[in-house]
Amino acid sequence: MGKIVELDVRDDLQKKLEPFQKIMNAVQPLEVGDTFILHAPFKPVPLFAVMKAKGFTYEAEQLDKKHWKVTFVKQGGRTMILDNRGLEPPQPMMRTLAALETLPKGETLTIINDRRPMFLYEQLDELGYLYKTKEREDGSFEITITKG
């Protein structure tokens, strides 16, 4: 379970203050698995598309006549694919480690190699990455690596 950030913009809106920037500042540091809970005097429908574009799913519930609670959860889901077939060692490992350096936390890198990357596994363990290997029908190996 990630962290939870809660923001109530009902007072801001009552004082005719636009809360959009305050909301964006609150969600900006959130990572995959984190939750943002917004309290508003109405169902903030225009915000849903903005938050969806930022990778959030949402659930809205009306608690009172002028009190909506919307729970947004940051989703992962971007997967980068790196096809290392046909390359001689150590090229597949070098390319994979370089790609992992740019991978955001919680995102996934899938590599396809001609052989099982035994030396890469040691590196991944050392760096704290989660991974799983699947042998493909053509004899190559697909390794899915998640930055923890």
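When reading the values below, keep in mind they use all heavy atoms of this one structure, side chains included, and skip hydrogens, waters and symmetry mates.
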Hey, could you give me the [atom1]/[atom2] distance between [X] and [Y], rounded to the nearest 0.5 Å?
{"X": "N84", "Y": "R95", "atom1": "CG", "atom2": "CZ", "result": "5.0 Å"}
{"X": "E101", "Y": "L127", "atom1": "CD", "atom2": "CG", "result": "9.0 Å"}
{"X": "F119", "Y": "M93", "atom1": "CZ", "atom2": "CE", "result": "8.0 Å"}
{"X": "R85", "Y": "D138", "atom1": "CZ", "atom2": "CG", "result": "5.5 Å"}

Donor-acceptor contacts, no H, no angles, side chain residues 4-14, under 3.5 Å, sequence neighbours left out:
| from | atom 1 | to | atom 2 | distance (Å) |
| --- | --- | --- | --- | --- |
| E6 | OE2 | H39 | NE2 | 2.6 |
| D8 | OD1 | R10 | N | 3.0 |
| D8 | OD1 | R10 | NE | 2.9 |
| D8 | OD2 | R10 | NE | 3.1 |
| D8 | OD2 | R10 | NH2 | 2.5 |
| R10 | NH1 | H67 | ND1 | 2.9 |
| D12 | OD1 | K22 | NZ | 3.4 |
| D12 | OD2 | K22 | NZ | 2.7 |

I143 versus I112: any side-chain heavy-atom pair under 4.5 Å?
->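 When only atoms from C-beta onward are counted, I112 and I143 do not touch, as no gap falls below 4.5 Å.
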Is there a side-chain contact between P117 and Q123 (heavy atoms, below 4.5 Å)?
->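 They are not in side-chain contact.
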Would the number of heavy atoms belonging to other residues, nucleotides or ligands and lying under 6.0 Å from OH of Y121 be above 12?
->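 Atom OH in Y121 is packed in, count exceeds 12.
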Is atom CE of M94 surrounded by more than 12 heavy atoms (other residues, nucleotides or ligands) closer than 6.0 Å?
->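 Check fails, neighbour count at 12 or below.
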Check [X] against [Y] and note the closest heavy-atom contact, atom names and distance.
{"X": "E142", "Y": "T110", "value": "CG-CG2, 3.5 Å"}
{"X": "W68", "Y": "K43", "value": "CD1-N, 3.4 Å"}
{"X": "L30", "Y": "K74", "value": "O-CE, 4.3 Å"}
{"X": "F72", "Y": "L47", "value": "CZ-CD2, 4.0 Å"}

Would you check, one step at a time, whether the test side chain to side chain contact (heavy atoms under 4.5 Å, CB included) holds for I145 with T108?
-> CA-CA 6 Å; I145 306 164; T108 302; over 6 Å; no
Among all residues two or more places apart in sequence or in another chain, which pass the ring-ring contact (aromatic ring centres under 6.0 Å, His included) test with F42?
->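 Testing F42 for ring-ring contact (aromatic ring centres under 6.0 Å, His included), a comparison that skips the adjacent residues, returns none.
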D34 side-chain N/O to G2 backbone N/O, donor-acceptor pair under 3.5 Å =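 Not confirmed, D34 side chain does not pair with G2 backbone.
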For residues 49-62, dump all side-chain donor-acceptor pairs below 3.5 Å to protein atoms at least two apart in sequence or in another chain.
| from | atom 1 | to | atom 2 | distance (Å) |
| --- | --- | --- | --- | --- |
| T57 | OG1 | Q75 | NE2 | 3.1 |
| Q62 | NE2 | D64 | O | 3.3 |
| Q62 | NE2 | K65 | O | 3.4 |

Polar contact flag, side-chain donor to acceptor under 3.5 angstrom, S140-N113 =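 The answer is no; no qualifying pair exists.
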